[in-house]
Amino acid sequence: MRRMGPRSNLQGMGTLVFILVGPIVWSVHLTVIYGSQSLLCALNLSEDRSAGNAAVVTIILFATAVCIAAVGFSAVRIRFVHALIARGDPPADQMGFIVTIMRILAGLSILAMFYVGLGAVILPACDQLR
Amino acid sequence: MNQQYPAELPNKGPRPKEEVEELERIWATPKGFKLLTVVNNTVVGTIYIGAAFLFFVLAGILALLMRTQLAVADNNFLSQDLYNQIFTVHGTTMMFLFAVPIVEALGVMLLPQMLAARDLPFPRLSAFAMWAYIIGGLVFFSTIFYDMAPKGGWFMYPPLTLTEYSPGNNADFWLLGIGFIEISAIAGAIEIIVGVLRTRPPGMTLAKMPIFAWAMLIFAAMIVFAFPAVILATMLLELERSFGWPFFTAALGGDALLWQHLFWFFGHPEVYIIFLPAAGLVSMMIPTLAQTPLIGYRLIVVALIATGFFSFGLWVHHMFTTGIPGLSLAFFSAASMAVAIPSGIQVFSWIATIAAGKRPFRINVPSLFILGFLFIFVLGGLTGVMVAVVPFDFQAHDTYFIVAHLHYVLVGGMVFPLFATFYYWAPMVSRKMLSERLGRWAFWLMFIGFNTAFFPMHITGLAGMPRRVWTYSGYLGWDLLNSISTAGAFIMATGVLIFIIDLIRNFRFGGGGPENPWNAGTLEFLPNDVYSTRSVPHVTSREPLWDQPDLAQQVREGLHYLPNAPTGGRETIITSVIEAKPQYLMQMAGSSWTHVAAAVFTAGFFLLLTIKAVAIALISGVLAIVSFIVWGWQLDKPDQGEVDIGGGIRLPTYMTGPSSHSWWAMVIVMLVAASLFVSYIFSYLYLWIVSPEVWAPAGSPALPPLTYPVNSAILLVFGSVLVYRAGKRLPAAGQLHLPLLTPAMLILAAAFLAGSVGVEVLGHLRTGLDPSANSYSAMVYMGSFLTGQAAFATIILCAFACGRLVSKRLYQKRSVTFDNAALLYWYTAGQGLCGLVLIHGFPRVIG
């Protein structure tokens, strides 16, 4: 069994991040849509309320589409994304495990982002609804 | 080939008998009074679990008092004020002093055995966390006996907890006491993350890691990101109570809802912080009891990770009734439902494993508690989905329905697996197993008692009974249901009492108990002693004891890695993160008074501040810092060259940079600090959205001229460059003449850091900005406070590194101390620069 150097530890950290790509993008997505919606609704930036509401919906749908596309791309272009994050391929004997976990997490994250983004299509942007 | 000692094993037998004697001497547990200095994980773990269980019993007694008060209508068994204190201390104790600590304690006790490590990488940190928690916890709990306990509920919402409505020190005990215990929890989390990632045995890749290790890894990572939010919240509230900085006072631009956001950003993940390790324990026990590998190992790993992440997107579901726009509620309602998917994956995986067993599922005490857990937790999960539906939550919010739901989730999801754990893993640390007969009594009484107590609360809640009421009128029709609940609580308590009797009769700490009584497949059931396993096995599967029937014998005879102590001290193998390939031998710390003193004085600092004994608190704080410095001075042992661990592997005994375990620990510390700062940024922006009218330049004095932030930034950048240059000028080992420029550069860099914070504060003071004027001014000074805090720690580390340099304990090849100081310096400088951009840039942009 060979020993491994410092680079393998940084690559290891990169591999952990790679596994978490889906949930990380999901958390960015939630931050962006909740943050922007709260901000726009609180400030009521436009005198014409419908324009403000349209801005909220546009941002949410755009962010959802971009984030879902990013996670989907990561789940398909495994080697490229791993190399981008961890500067190299995952260890060959660990490839199956790492890729499986990453892809299922990506799938769950896409589902969660889709589900969250769906609200923008159904509900008014800023009303309290009670 | 020798039949008894196969040639392919890392070491050949028979091994010299003296090796075991040396291991026993090195890892011996201190006796008598010196037991307080112990760091061995099984001893620390057992004391830690014992303390947490004590708090469970104490908080349980408080619950019985509450149930007695509520048993009949119009009761006055307890006064209203005492009742308020009791429900606050009950909830706080269960969440902060029982649930999280006992899980960390289980991690400390079980992880090294499951990973066949000699110990976790920072044994003194575990012991420090334990003592800090015990001292802080006992002082906090004792407040109930002298009318000093907080009364604001376990979540301490302002404005109720502001000085106007909660005068006296009661609330401060919660804020400073629990804040301090949270630091202890973070210390434990750092230990667990580095332990799981770096002290696994050779061959135990991520794909072969025990599920409990996965669960603990995610648990600890969640603590790193969740706890800083509530630490910031407690800091803000304490500053408002003590100095009048108005973060939560609406009249001055604050907002009480900011507390709810920060608290629940911690509080909701907290539920999963408690549940995930329990789920991990269940995933370890079910395969053994079914005698078959876990079905869906990969899916369970996914479920643990996904639950950990999604739980951070649920906090607003505790705030559905606070007037947030409907679409925002939909985001969190959706996330609340999404988290049910990974939870469901685990439940189905457990059921599938039970069904796939090679033999019928064994019905014994651990399995009874697991089945009880499945029944209760699934019910709690279903009511969780109900309250995730916004319109239903509007009706059920703050009623006994929620009390029922949270107890079904927490008691079902954590307490029942915990009792299964006690019975299942007791043989690992006890000479005798716990009684099957008494255990069955305990289970049935607890199961029947729990459901009798809490199921009726769903109906009481739907009938309109609010939470936290001291008593109720007999005309409301809640009497019978409450009486039934009270009877159930006492039945459940009887079950716990029987368990305690079982412990007293049968639990005897020490080795020599039955070996692997359940025929488990994982490493914690290898033959153990004070030094953990005699040798560290090479792992080739997830259930090594099933797949390698001779493994226990081979390990006992020292035929695997590290059968001895080549450096003559405590040591364990550090392996790589993903593939678990051996990298170096870590020299570990042994027993000491330093971490005990650090815990005592740190507790003294926080608790004395609570009662406003500022001078003694400061003395205690200084003594705590001295204790930490002495503790640190004893670490970082010199390189002892390469040593042979078997299998032709020679490992170095010292490591720096990203391969070093301490580098990883420092990175985690930086993540904690970053989480705290991100929570601060959120708070700043949140209060601006709520009250833009108090923001500069319109509502407050204009910002200081740009020369102040620019000078402050220049100091930070120059200091960072100085630290970098100092790193390039570290002396070589054995260099006779110390280059004085290197420590001088470090001291200058530390001075720059202090100067940077000073310039920033001075600039605002000169504009006449008063931190108690409004929420904006309070937030401005809070930014400097946080950076100043990080700078203070960095300056101490820089001074420490200087001391090591001057005493010739720090040189190019022994530079861990410097590496840590440099990492923290660069982090602090980065945080300082971000703070400057926010404080000086944002108002200019919006103004």
Side-chain angles (χ1 to χ4, degrees), chain A residues 1-13 15-16 19-20 22-24 26-27 30-31 33-35 37-39 41-43 56-57 60 90-91 93-94 96-98 100-105 107-109 111-112 114-120 122-130, chain B residues 197-198 202-203 205-207 298-299 301-302 305-306 308-310 312-313 316 323-335 337-339 341-342 390-391 394 538 575-579 581-584 647-652 655-660 663-664 667 685-686 689-690 692:
Chain A
M1 176 175 282
R2 68 183 171 84
R3 281 187 359 222
M4 303 177 82
R7 183 165 159 69
S8 74
N9 284 298
L10 288 177
Q11 279 187 332
M13 195 179 264
T15 300
L16 291 178
I19 289 172
L20 301 176
I24 289 170
W26 167 83
S27 55
L30 186 66
T31 308
I33 63 169
Y34 178 51
Q37 187 247 359
S38 300
L39 184 67
C41 291
L43 297 181
V56 171
V57 173
I60 291 173
D93 58 337
Q94 300 296 301
F97 177 76
I98 290 167
T100 306
I101 301 290
M102 185 272 181
R103 281 185 169 153
I104 302 175
L105 280 171
L108 273 176
S109 304
L111 186 68
F114 175 75
Y115 198 16
V116 170
L118 203 58
I122 301 168
L123 296 168
C126 298
D127 295 350
Q128 283 204 4
L129 302 182
R130 57 186 306 217
Chain B
L197 290 178
R198 303 304 307 279
T205 59
L206 288 184
R298 291 181 180 190
L299 283 173
V301 172
V302 167
I305 298 173
F309 262 88
F310 291 163
F312 281 91
V316 171
I324 292 172
L327 182 55
S328 303
L329 302 188
F331 300 152
F332 293 93
S333 177
M337 293 178 194
V339 81
I341 296 172
V390 177
F394 287 167
H538 184 95
T575 50
S576 60
V577 179
I578 305 292
E579 297 167 276
K581 294 198 170 178
Q583 293 193 312
Y584 67 101
I649 298 177
R650 293 185 64 78
L651 294 182
M655 191 62 71
T656 59
S659 288
S660 159
W663 186 90
W664 281 71
V667 168
L685 296 174
Y686 178 86
I689 288 178
V690 173

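Below, chain A is the first sequence line, B the second, and so on; all start at residue 1.
- The shortest distance between side-chain heavy atoms of B:W663 and A:N9 does not fall below 4.5 Å.
- With a threshold of 4.5 angstrom between heavy atoms, A:I122 does not approach chain B through any atom at all.
- Of the listed residues (A:L105, A:L30, A:L123), the one with the most heavy-atom contacts under 4.5 Å to chain B is A:L105.
- For B:Y686, the side chain to side chain donor-acceptor pair (under 3.5 Å) partners at least two apart in sequence or on another chain are B:D255.
- Residue contact with chain A, scored on non-hydrogen atoms closer than 4.5 Å, involves the side chain of B:V316 exclusively.
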Practice item. Determine, stepwise, if the pair B:I578 / A:Q11 fulfils side chain to side chain contact (heavy atoms under 4.5 Å, CB included). Key: CA-CA 9 Å; B:I578 305 292; A:Q11 279 187 332; over 6 Å; no

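- Closest of all the heavy-atom pairs between A:Y34 and B:F331 is CA-CE1, 4.0 Å.
- Between B:A338 and A:A112, the shortest heavy-atom distance links the atoms CB-CB, 4.3 Å.
- With a 4.5 angstrom heavy-atom cutoff, B:L329 does not touch chain A via any of its atoms.
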Practice item. Would you sort out whether B:L206 and A:I101 count as a side chain to side chain contact (heavy atoms under 4.5 Å, CB included), showing the intermediate values? Key: CA-CA 11 Å; B:L206 288 184; A:I101 301 290; over 6 Å; no

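- Considering all non-hydrogen atoms of both residues, A:W26 and B:F310 come closest at CH2-CA, 3.5 Å.
- When heavy atoms are compared at a cutoff of 4.5 Å, A:P124 approaches chain B solely by way of its backbone atoms N, CA, C and O.
- The CD1 atom of B:I305 sits 10.5 Å away from atom OG of A:S109, with the distance rounded to the nearest 0.5 Å.
- Contact detail for B:A207 and A:Q94: the closest heavy-atom pair is N-OE1, 4.0 Å.
- If you measure heavy-atom distances from B:L299 to chain A, the contacts under 4.5 Å come from the side chain alone.
- Put simply, the side chain of B:L327 reaches to within 4.5 Å of the side chain of A:I60, judged on heavy atoms.
- The greatest number of non-hydrogen atom pairs below 4.5 Å with chain A, out of B:G308, B:S328, B:A330, is found for B:S328.
- With sequence neighbours excluded, the residues satisfying side chain to side chain donor-acceptor pair (under 3.5 Å) with A:T100 are B:R298.
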